[in-house]
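Heads up, the thing below is written out as structure tokens.
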2 protein chains.
Amino acid sequence: MSTAATTPRGVPDASVARLPGYLRALTAMSQDGTASVSSEELASAAGVSSAMLRKDLSYLGSYGVRGVGYDVGRLASEIASALGLTKDWPVAIVGMGNLGRALAAYRGFAERGFRVIALLDHDDRVVGEEVAGRAVRPMTDLEVLVEDHGLAIGVIATPPEGAQAACDRLLAAGVRSVLNFAAVVLAVPPEVTVRNVDLSTELQILAFHGHRGDVAEAVAP
Amino acid sequence: MSTAATTPRGVPDASVARLPGYLRALTAMSQDGTASVSSEELASAAGVSSAMLRKDLSYLGSYGVRGVGYDVGRLASEIASALGLTKDWPVAIVGMGNLGRALAAYRGFAERGFRVIALLDHDDRVVGEEVAGRAVRPMTDLEVLVEDHGLAIGVIATPPEGAQAACDRLLAAGVRSVLNFAAVVLAVPPEVTVRNVDLSTELQILAFHGHRGDVAEAVAP
DNA sequence: ACGACTTTGTGAAGGCAGGCACAAAGTCGC
DNA sequence: GCGACTTTGTGCCTGCCTTCACAAAGTCGT
């Protein structure tokens with residue numbers, strides 16, 4: 001139809017990536033008892049410009065009142081709905097190493113409608129072990145989890161060597177959304193969404209900027 | 001003085017964010033004994049297009065040989081140098097909750113020249129406790145760590161409520177690069193670089209795509 | 001009831017990033 | 001030594017994302 005050819009109903013990816021930030025700010029305001037908010041206030045709480053916020057919201061519809069602002073509860077609900085957070089999202093964590101165990105113990109998932117329904121590991125010596133009050137299950141359980149429990153999101157917390165295999169198992173079972181903590185590029189068909197989180201990468205980017213700061217100082221003393 | 005006005009010597013931020021991926025692929029190739037690589041091969045290993053890879057590398061200089069490709073070792077070394085990875089980067093982790101402890105136990109830091117030199121917590125009940133073979137130190141140690149040990153990067157793994165305070169302490173001590181795991185927008189002066197890693201945000205973005213997939217299916221059966 | 005004021009929603013413009021395609025430059029076979 | 005071939009480096013072009021700026025639309029005071 002018109003612009004950003006990204007998602008069916010035309011919400012640009014860059015915009016989608018900011019929606020969770022808006023939702024977070026709105027939730028905090030709601031808990032503070034704030035009932036109404038202007039684009040300026042919400043934008044500053046979310047760390048973006050007000051023009052960008054308004055444009056992002058305009059992709060979802062017209063939920064503000066001119067001259068007044070946005071109803072906090074209403075807007076939060078609209079954003080949650082746009083993100084698909086009206087239902088619970090079952091999540092499975094694959095790989096019970098250091099990181100996997102930390103993720104399993106992390107309580108931040110449930111807060112926003114993500115329910116960890118299973119912890120899995122490829123290694124028979126780990127399967128059966130109890131982690132965060134739950135028994136670790138074998139990879140062969142994946143099919144059942146997808147079909148009987150609607151598992152939709154897989155979190156990969158394996159070592160790099162095992163990540164592609166873990167991913168393949170997830171996809172074979174029918175999972176189409178993957179959050180990957182392993183430092184590898186996963187090969188997946190185009191209908192699958194992968195998001196990567198990598199500490200080393202983030203630190204290296206920080207190193208670049210810290211380094212550049214040093215150079216700038218040295219050049220202009 | 002031509003295009004992307006991002007960093008002094010003009011490497012666009014988008015390009016910098018991909019360099020760690022190239023470095024990773026090159027390191028893996030080097031360990032496999034591969035001596036030379038074409039832009040096509042390296043690009044596919046890093047999950048980008050070959051044109052983009054070549055453009056990214058061109059910001060750093062001309063390190064390839066036409067008709068042949070790139071020397072793996074040489075290119076890795078040039079990228080590492082551009083990222084500022086020639087020296088060790090001392091890192092401190094603030095906040096010894098679940099996530100902080102997992103990060104403290106994570107061995108991936110040292111691999112690429114990042115050295116965790118201290119674990120800190122704001123809570124007196126946690127200070128002194130041993131985590132990953134190291135005593136947790138109080139926030140008041142920050143100044144000494146910066147001045148005597150060259151601490152440059154702070155990792156914030158506190159709960160959201162304490163993140164801004166932790167950040168302020170880091171900045172006051174002289175740290176100018178922050179990796180933030182807390183789900184809040186940190187207020188910092190412009191010379192400070194902050195990178196945010198947030199699980200909830202990533203999962204919500206995945207939820208959007210999974211959700212959208214459902215809708216597309218329902219619309220066109 | 002009307003006018004001044006506030007704030008949203010959006011058309012238009014500018015800038016940056018990604019992809020294409022080709023000239024430049026080097027290697028290899030004969 | 002020369003021609004055919006391979007692969008890099010890069011100018012240009014296209015399209016998306018962001019910012020600007022303003023009209024539309026609603027509120028509030030009088």
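Worth saying up front: this structure is predicted, and the values here are computed from it rather than measured. The figures that follow rest on heavy atoms only: side chains count, while hydrogens, waters and symmetry mates do not. Quick note on labels: first sequence line is chain A, next is B, and so on, each numbered from 1.
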Check your understanding: Of the non-hydrogen atoms in A/Gly95 and A/Thr158, which two are nearest, and what is the gap between them?
Key -> CA-CG2, 3.9 Å
Review point. Given D/dG9, is OP1 or OP2 found less than 4.0 Å from the side-chain N or O atoms of B/Tyr70?
Key: yes
Practice item. For A/Ser49, answer base if it contacts any base atom (sugar-phosphate contacts may also be present), sugar-phosphate if it contacts only those atoms, and nothing otherwise; contact means non-hydrogen atoms under 4.0 Å. Key: sugar-phosphate
Review point. Any donor-acceptor pair under 3.5 Å linking the side chain of A/Thr27 with the backbone of A/Leu23?
Key: yes
Exercise for review: Return the value, rounded to whole Å, for the distance between atom CG of A/Leu53 and atom C1' of C/dT8.
Suggested key: 11 Å
Review point. Quick one: A/Asp13 CG to C/dG18 P, roughly how many Å, whole number?
Key: 13 Å
Study note, to complete from the structure: Per nearest nucleotide of DNA chain D, the residue lying toward the 5' end, A/Val68 or A/Ala14, is A/Ala14
Exercise for review: Could you tell me the separation between the CG atom of B/Asp71 and the P atom of D/dT7, rounded to a whole number of Å?
Suggested key: 16 Å
Review point. Nearest-Å distance, CG (A/Asp56) to P (C/dT10)?
Key: 13 Å
Exercise for review: Answer yes or no: are there more than 12 heavy-atom neighbours, outside A/Glu143 itself, under 6.0 Å from its atom CD?
Suggested key: yes
Exercise for review: Return the nearest nucleotide to the side chain of A/Arg54; candidates are D/dT8, D/dC17, C/dT10.
Suggested key: C/dT10
Point to revise | Phosphate OP1/OP2 of D/dT7 contacted by B/Ser39 side-chain N/O (<4.0 Å) | key: no
Revision key, fill the gap. Ranking A/Ser58 and B/Gly67 by the position along DNA chain C of their nearest nucleotide, the one closer to 5' is A/Ser58
**Study point:** Distance-only donor-acceptor test, B/Arg66 side-chain atoms vs D/dT8 base atoms, 3.5 Å
**Key:** yes
Exercise for review: Ignoring hydrogens and angles, answer whether the base of D/dG9 and the side-chain atoms of B/Lys55 contain a donor-acceptor pair closer than 3.5 Å.
Suggested key: no
Review point. Okay, side chain of B/Asp32, backbone of B/Thr34: is any donor-acceptor separation there less than 3.5 Å?
Key: no
Exercise for review: Find the distance A/Met52:CE to D/dA21:C1' and express it as a whole number of Å.
Suggested key: 18 Å
Exercise for review: Using only heavy-atom distances, determine whether the side chains of B/Ser36 and B/Asp71 contain a donor-acceptor pair under 3.5 Å.
Suggested key: no
Exercise for review: Round to the nearest Å and state the distance from A/Leu57 atom CG to C/dT8 atom P.
Suggested key: 9 Å
Point to revise | Distance in angstrom units between A/Glu40 CD and D/dA21 C1', rounded | key: 14 Å
